[in-house]
Peer 1: 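I have a structure here, written as structure tokens, and I will follow up with some questions on it.
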Amino acid sequence: MGSHRRLAPSGFDRGAGAAVSILSVTAAALGAVPAAAAPHDDTRATVDRLYEQAEKATEAYNEADERADELRAEVGIARDRIARQQERVNSMRESLGSLAGAQYRSGGIDPSLALLLSDDPEDYLDHASRLDRLTAHQAGELKALRGAMRELAQDREEAAAKLRELETSRKAVAAHKKTVEHKLATARRLLNSLPDAERDAYGRASRSGRPGMPDLDGATAASSRGSAAVAAARSALGKPYVWGANGPSGFDCSGLMQWSYAQAGVSLPRTSQAQRYAGRQVPLSEARPGDLVVYRGDASHVGMYMGNGQVIHAPYPGAPVRYDPVGMMPVSSVTRV
């Protein structure tokens, strides 16, 4: 999601509360300067600010959504493990039951063993120490069963904790989604309120470079995977910006980077903040095609360097995947994957 060069970097709170905080600040700003009465410059600046805030919320959404996916997979694994452990416990209890039956047929079941086979697992374990007259084999079976039941209880508690964390992550996803949708709708409404000439000027400004940039004319990727990622990114030119999307029919900024490198067989993290550390950082003056160019101090936007001072990126809603000058906004770092 691009924004033009007047943007100033700001901090990024990864917590779910950041969405609400940003929303409150924006509402106050809009209340102080009514859109209808604001000069066009102020309106463009407000649109810039809303796009930047929405992009931060989008990356927070991506992070929460990625964590929710991870937790769903972890919960599934935990459930499978619990099912296998339960089968093991059942089998061991049946084995002990068979031993008890044999003892009964040979002269009566010991009262402490009858207590052991109680349907209440807690009662079962609490009184297990009374089985001092069991054979060595039975004692070994009991010890193994007690261990298995402890593992089962621990697995169940861990699965319950994962489910609680998953629910928290789902709520964070919903909060970030609401924030992004509100800010994008407000930005689009303000942008549409501008005269046609002003809207065109805004589009040109958002694609301008910054003065004092180094001479960047490298046209060869630093690696074969970088070259493959460049080809994939080029194939996405013209695809729409879709917040929260990572292809193949639409992308947000970090989604485009993740998808492009996936076509090269490289797994990148989902967010621009994490992608910043997905490789070796190099000076901007040494940027090569395929390098990730991360923008703003909070790393809330990312594009791919393509050579000749250009990047490919997914700018913001209404602006498809496109080329823009590498200096379209403050560069935070350059990462070679």
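All figures in this text were calculated on a predicted structure; none of them were measured in a lab. No hydrogens, no waters, no symmetry mates; every other heavy atom, side chains included, goes into these values.
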Peer 1: For residues 262-272, which residue pairs pass the side-chain hydrogen bond (donor to acceptor under 3.5 Å, both in side chains) check, not counting sequence neighbours?
Peer 2: E59-S272, N62-R270, D252-R270, S254-R270
Peer 1: Can you find a pair of side-chain heavy atoms, one from E52 and one from R296, that are under 4.5 Å apart?
Peer 2: yes
Peer 1: Just wondering, do L256 and I312 contact through their side chains at under 4.5 Å, heavy atoms?
Peer 2: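 SC-SC contact between I312 and L256 confirmed.
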Peer 1: Considering residues at least two apart in sequence or located in another chain, which fulfil the salt bridge (Lys or Arg N to Asp or Glu O under 4.0 Å) criterion with E181?
Peer 2: none
Peer 1: Could you grab the distance from atom OH of Y277 to atom CG of L292, nearest 0.5 Å is fine?
Peer 2: 13.5 Å
Peer 1: Looking at D298, is its backbone amide N or carbonyl O close enough to the side chain of Y295 to form a donor-acceptor pair, meaning the two atoms are under 3.5 Å apart?
Peer 2: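 Here the side-chain-to-backbone pair does not exist.
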Peer 1: If only atom types and distance count, is the side chain of E151 paired as donor or acceptor with the main-chain N or O of Q85 below 3.5 Å?
Peer 2: no
Peer 1: List in chain and number order the residues that pass side-chain hydrogen bond (donor to acceptor under 3.5 Å, both in side chains) with E158, two or more places apart in sequence or in another chain; answer none if no residue qualifies.
Peer 2: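 Per chain and number, E158 pairs via side-chain hydrogen bond (donor to acceptor under 3.5 Å, both in side chains) with Q154.
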Peer 1: Kindly state whether the ring of Y51 and the ring of Y316 have centres lying under 6.0 angstrom apart.
Peer 2: yes
Peer 1: Minimum heavy-atom separation for V331 and V326, please, with both atom names.
Peer 2: CG2-O, 3.6 Å
Peer 1: Report the residues that fulfil salt bridge (Lys or Arg N to Asp or Glu O under 4.0 Å) with E157, sequence neighbours left out, ordered by chain and then residue number.
Peer 2: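 Result, salt bridge (Lys or Arg N to Asp or Glu O under 4.0 Å) vs E157: R164.
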Peer 1: If you take all heavy atoms of A245 and G250, which pair is closest and at what distance?
Peer 2: CB-O, 3.5 Å
Peer 1: Write down the atom of S260, the atom of A232, and the distance for their closest heavy-atom approach.
Peer 2: O-CB, 3.7 Å
Peer 1: So, taking the atom named CZ in F251 and the one named OH in Y241, what distance separates them when rounded to the nearest 0.5 Å?
Peer 2: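 Output value for this atom pair is 12.5 Å.
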Peer 1: Could you tell me the separation between the CG atom of L152 and the CZ atom of R84, rounded to the nearest 0.5 Å?
Peer 2: 12.0 Å
Peer 1: Does anything in residues 273-285 pair up under salt bridge (charged side-chain N to carboxylate O under 4.0 Å, His left out), and if so which pairs, sequence neighbours excluded?
Peer 2: none
Peer 1: Using a distance-only test with no angle check, is there a side-chain donor-acceptor pair under 3.5 angstrom linking Q86 and R81?
Peer 2: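 No, R81 and Q86 have no side-chain donor paired with an acceptor closer than 3.5 Å.
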Peer 1: Which pairs count as salt bridge (charged side-chain N to carboxylate O under 4.0 Å, His left out) when at least one residue sits in residues 222-241, sequence neighbours excluded?
Peer 2: none
Peer 1: Quick one: side-chain hydrogen bond (donor to acceptor under 3.5 Å, both in side chains) partners of N192, sequence neighbours excluded?
Peer 2: none
Peer 1: R72: which residues meet the side-chain hydrogen bond (donor to acceptor under 3.5 Å, both in side chains) condition with it, sequence neighbours left out?
Peer 2: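 Listed in chain order: D69.
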Peer 1: Under 4.5 Å between any side-chain heavy atoms of H313 and C253, yes or no?
Peer 2: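 A side-chain contact under 4.5 Å is absent here.
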Peer 1: Would a single hydrophobic cluster contain both I77 and L71, if residues Ile, Leu, Val, Met, Phe, Trp and Tyr are joined by side-chain heavy-atom contacts under 4.5 Å?
Peer 2: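 No, separate clusters.
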Peer 1: Between CD of E55 and OG of S300, what distance do you get to the nearest 0.5 Å?
Peer 2: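 Going from the CD atom of E55 to the OG atom of S300 covers 5.0 Å.
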Peer 1: Measure across V334 and A287 and return the closest heavy-atom pair with its distance rounded to 0.1 Å.
Peer 2: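 For V334 versus A287, the nearest heavy atoms are CG1-CB, 4.3 Å.
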Peer 1: Run the side-chain hydrogen bond (donor to acceptor under 3.5 Å, both in side chains) test against Q258 and tell me which residues pass, sequence neighbours left out.
Peer 2: N246
Peer 1: Heavy-atom distance under 4.5 Å between the side chains of D291 and M304, does that happen here?
Peer 2: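 Side chain of D291 against side chain of M304, heavy atoms only: no contact under 4.5 Å found.
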Peer 1: Minimum heavy-atom separation for T179 to A57, with atom names?
Peer 2: CG2-CB, 4.0 Å
Peer 1: Between atom CZ of R288 and atom CE of M306, what is the distance when rounded to the nearest 0.5 Å?
Peer 2: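 CE of M306 is found 14.0 Å from CZ of R288.
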Peer 1: Quick one: CD on E74 to CD on E165, what's the gap to the nearest 0.5 Å?
Peer 2: 7.5 Å
Peer 1: Holding to ring pair (Phe, Tyr, Trp, His ring centres under 6.0 Å), I want the full list of residues that pass it with Y261, two or more places apart in sequence or in another chain.
Peer 2: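 Residues passing ring pair (Phe, Tyr, Trp, His ring centres under 6.0 Å) with Y261: none at all.
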Peer 1: Can you name the salt bridge (Lys or Arg N to Asp or Glu O under 4.0 Å) partners of D65, sequence neighbours left out?
Peer 2: none
Peer 1: Suppose clustering is done on Ile, Leu, Val, Met, Phe, Trp and Tyr with side-chain heavy atoms closer than 4.5 Å. Which residues sit in the same group as L163?
Peer 2: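 Other cluster members: V75.
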Peer 1: Any donor and acceptor pair, going by atom type alone, linking the side chain of S227 with main-chain N or O of S224 inside 3.5 Å?
Peer 2: no
Peer 1: Honestly curious: do Y61 and V242 fall in one hydrophobic cluster under the side-chain, below-4.5 Å linking rule?
Peer 2: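 No; tracing contacts between hydrophobic side chains, which count when under 4.5 Å, never links both residues.
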